[in-house]
Amino acid sequence: NPNFLKGITVLHIDDQVFFTVAAKKAVEGNLWDYTHVASGEAAVKLYEAGRVFDVIFMDLNLGSGMDGYEAVEKIRKIRPAQLFYSSSANDPSVIKAGFFKAHLGKIGGKVVLYNAISQDLIKLRITFL
């Protein structure tokens with residue numbers, strides 16, 4: 001039942017505006033709440049201020065600041081069980097193991113996004129019911 005996941009909170013970390021438009025449309029198409037930041041530093045600041053999200057998907061190359069791996073490490077110190085997915089244009093074979101639940105690639109639409117992470121989100125929701 002897709003309504004079981006209505007209201008899931010998603011943080012998207014990407015420095016390329018082009019990808020944020022498609023991602024926002026895909027996330028909101030699933031009736032999930034979308035928040036975007038353009039840097040790892042901004043994401044870490046949200047968590048340090050007490051904000052948390054059900055899922056984070058992120059680019060790995062975030063411009064001149066911290067990269068995706070460093071952002072994952074810092075956020076995991078605050079929230080160890082955080083669900084992370086990479087949404088990088090990088091080939092999945094070069095993505096470091098252990099950092100992400102899965103590789104989504106660049107977001108391809110609400111159905112692709114839902115199918116890619118819904119099982120993990122359902123497990124998370126059931127765990128906290």
Side-chain angles (χ1 to χ4, degrees):
N1 180 357
N3 287 326
F4 184 64
L5 295 177
K6 183 178 177 183
I8 288 291
T9 57
V10 176
L11 176 61
H12 180 210
I13 308 167
D14 200 313
D15 61 333
Q16 299 294 317
V17 174
F18 174 79
F19 295 114
T20 64
V21 173
K24 184 177 193 307
K25 189 178 279 190
V27 169
E28 290 178 346
N30 285 317
L31 303 177
W32 300 343
D33 295 327
Y34 177 84
T35 300
H36 166 260
V37 294
S39 70
E41 291 87 354
V44 170
K45 283 182 183 178
L46 286 174
Y47 274 78
E48 288 173 342
R51 288 275 313 265
V52 295
F53 298 86
D54 294 309
V55 63
I56 295 175
F57 63 92
M58 64 188 310
D59 193 8
L60 301 177
N61 306 313
L62 296 168
S64 62
M66 76 173 65
D67 67 12
Y69 298 111
E70 187 178 354
V72 168
E73 289 175 333
K74 289 183 182 249
I75 291 170
R76 279 218 172 107
K77 286 180 182 174
I78 299 167
R79 189 172 191 225
Q82 179 64 57
L83 282 175
F84 285 96
Y85 297 85
S86 65
S87 64
S88 172
N90 294 357
D91 185 281
S93 67
V94 301
I95 296 173
K96 294 179 185 178
F99 279 83
F100 302 97
K101 184 76 171 165
H103 176 68
L104 301 176
K106 291 297 180 181
I107 300 303
K110 72 177 188 175
V111 174
V112 171
L113 180 64
Y114 186 86
N115 289 340
I117 66 177
S118 63
Q119 292 304 310
D120 295 325
L121 290 171
I122 289 169
K123 289 176 195 170
L124 180 71
R125 264 292 154 95
I126 290 171
T127 301
F128 290 108
L129 286 180

Next item on the list: Could you go through the side-chain contact (heavy atoms from CB on, under 4.5 Å) check for D33 and V10 one step at a time?
Entry: CA-CA 6 Å; D33 295 327; V10 176; over 6 Å; no
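- Taken from CG in L62 to CD in E41, the straight-line distance is 8.0 Å, to the nearest 0.5 Å.
- Side chain of R51 to backbone of K45: no donor-acceptor contact under 3.5 angstrom is found.
- Contact annotation: the side chain of S87 approaches that of H12 to within less than 4.5 Å [non-hydrogen atoms, C-beta and beyond].
- Considering CD1 of I78 and CD of E48, their distance stands at 5.0 Å, rounded to 0.5 Å.
- F84 meets the ring-ring contact (aromatic ring centres under 6.0 Å, His included) test with no other residue; sequence neighbours excluded.
- Nearest heavy-atom pair across A71 and V44 is O-CG2, 4.3 Å.
- Between atom CZ of residue F53 and atom CD1 of residue I8 there is a gap of 12.5 Å, rounded to the nearest 0.5 Å.
- Here the side chain of T9 pairs a donor or acceptor atom with the backbone of D54 at under 3.5 angstrom.
- Distance alone, capped at 3.5 Å, is enough to place a donor-acceptor pair between the D67 side chain and the Y69 backbone.
- Remark: the backbone N or O of A26 is not paired with any side-chain donor or acceptor of Y34 at under 3.5 angstrom.
- Among L46, I56, T20, the single residue meeting the side-chain contact (heavy atoms from CB on, under 4.5 Å) criterion with I13 is I56.
- Cluster annotation: V52 is connected to M58 through the hydrophobic network of ILVMFWY side chains, with a link wherever side-chain heavy atoms come within less than 4.5 Å.
- Across every non-hydrogen atom of A43 and I75, the tightest pair is CB-CD1, 4.0 Å.
- Using a 4.5 Å heavy-atom cutoff, the side chains of D59 and F19 are not in contact.
- Applying the salt bridge (charged side-chain N to carboxylate O under 4.0 Å, His left out) criterion to E28, with sequence neighbours excluded, gives K24.
- Inter-residue side-chain proximity for E70 and K74 is flagged as met; some heavy-atom pair is nearer than 4.5 Å.
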